[in-house]
Number of protein chains: 2
Amino acid sequence: MNAHPAAIDLARLAQATSPEGLLTGFELKAFPKGWLLSSPDGPRDQVFIVRSGRLRVYLAGENRELSLSFLEAGDIYTTHTPTYVESVAPTELWLMDTRSFARKLATDPSTTPVMMRVLGRLLSNAVTLIEDLAFREVPARLARFLLGLVERRGQAQDQGWLIPLELGMEDIASLLGSTRQTVSALINQWERQGILQRQGRRSLLIRSISALEAQCPGKP
Amino acid sequence: MNAHPAAIDLARLAQATSPEGLLTGFELKAFPKGWLLSSPDGPRDQVFIVRSGRLRVYLAGENRELSLSFLEAGDIYTTHTPTYVESVAPTELWLMDTRSFARKLATDPSTTPVMMRVLGRLLSNAVTLIEDLAFREVPARLARFLLGLVERRGQAQDQGWLIPLELGMEDIASLLGSTRQTVSALINQWERQGILQRQGRRSLLIRSISALEAQCPGKP
DNA sequence: TCCTGTCCGTCGGCCAGCCGACGTTTCAGG
DNA sequence: CCTGAAACGTCGGCTGGCCGACGGACAGGA
């Protein structure tokens, strides 16, 4: 659910201008905003590392979409999985097809641990999402989402924690597998209860962490 | 959702009695039926290959369980993910901790492709399950489950396809993220409609593949 | 043969949350 | 300072499917 798989040192590494070291064999390409890089039907044979920009990984049903993750600089991904990948901002990628990548792995074992960590991260995220969809209700998912933001990007204030909100209601709903209306209603209800407070359109002030935690059944 | 990740040649390889070749470094262990091998809370640092028996991989919520997969001879798995793993029959495993395994991967690149395939398979299954939970309703999931069985284990008959059903209603429901009652009601409804037919307690005769396919929105 | 445990079929009540609809707020570009 | 489009807030109706409950069917044990 959370983005940032293995953003550790790759973010800096990916800033290179020529493919050296771990990047050997990758090819730099740029994409405009709104470009569909991969779909479940199309070929699924690429590995890439994000140099800059922003991508959305999502699934699509009849008349709904479920975002799995947003990828940013330093994130690595493979189109092995039947998902859609779309740039939501101008984006630069280090690209490589999986066949070459497999060869690279076979000859250069130092790449393996990175790849394993990435795949492990992806799997963990997927499992967490499955748990959410199967067991938890929307309020719990939204609460966990907000708590995650506090943890990763929250700024302490005397009134509580300020978190940036670069996503609209619609986008959040899509990340949670819910709808705009439900998410909107929940946030406004919580605001009325004093749990949080809107701070302009693009940020949120969390006034009571514990009240949000109370919405999540059984999470330490 | 479907079991059998990389059952290709591993099933035979795992029959060995001493750890040679790919099995180098693994340790053979036996478990009785009903043994909990791993849980989201406990240590999650093992890789194993099933030599014989049967394991269930599942998630647990407040008062429900969701089975992710059943593992059988030749299947490989890692407890990296926060899931429960339990033996549902007496089981023999080739075990190894992830640290040693990482070292093995670094020194013996031939293991890497196997591992990548396995992880890829796990990811694909996870994504498919997410799609099901997020977009499809229970009838569609059940229909796809049955169609999968026909494809993998169906025996042609003049009346239709006979499929073995070694799982009870409860187990099937757990695989689909639904309940015993709902699944039972659906199957009996389909029986009344002549789509399928019970054949004793442990097998099912599918009379109309196309009727089942009609239950799945948009799947070629 | 009966008894007892396990599984299956079916019903009615109930509710989370999806959907459509419509009004209101926000904001960028003229 | 307008203005149109995009995003947000809120309402009511509707329904898939969960839950509890209960009775029947089919074992295996004694």
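Letters A, B, ... mirror the listed sequences (proteins, then strands); counts begin at 1. It should be emphasised that the depicted structure is a prediction, and the values quoted were computed from it without experimental measurement.
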Please give, in whole Å, the distance from dG16(D) P to Leu133(B) CG? 18 Å

Where each residue is assigned the nucleotide of DNA chain C containing its nearest heavy atom, which of Val138(A) and Gln181(A) is assigned the position nearer the 5′ end? Val138(A)

Over all strands shown, is Ser184(B) touching base, sugar-phosphate only, or nothing at heavy-atom distances under 4.0 angstrom? base

Students should find this one: the first and last nucleotides of DNA chain C, 5' to 3', lying under 4.0 Å from a heavy atom of chain B. What are they? dC7(C) to dT10(C)

Arg136(B) CZ to dG17(D) C1', straight-line distance once rounded to whole Å: 18 Å

Closer than 4.0 Å, any side-chain N/O of Thr182(B) to the OP1 or OP2 of dG17(D)? no

Rounded to whole angstrom units, what separation is found between the CD atom of Glu65(B) and the P atom of dC18(D)? 15 Å

When rounded to whole Å, the CE to P distance for the pair Met169(B) and dA25(D) reads 17 Å

Verify the distance criterion only: is there a donor paired with an acceptor across the side chains of Tyr77(A) and Ser38(A) at less than 3.5 Å? no

Under 4.0 Å between a side-chain N/O of Asn188(A) and OP1 or OP2 of dT10(D), yes or no? yes

Rounded to whole Å, the CZ-P distance (Arg64(B) to dG17(D)) equals 12 Å

Distances under 3.5 Å only, N/O to N/O: pair up the protein atoms with those of nucleotides 3-5 of chain D.
none

So Arg202(B), base contact, sugar-phosphate only, or nothing? Heavy-atom distance under 4.0 Å. nothing

Taking CD1 from Ile187(A) and C1' from dC8(D), how many angstroms apart are they, rounded to a whole number? 11 Å

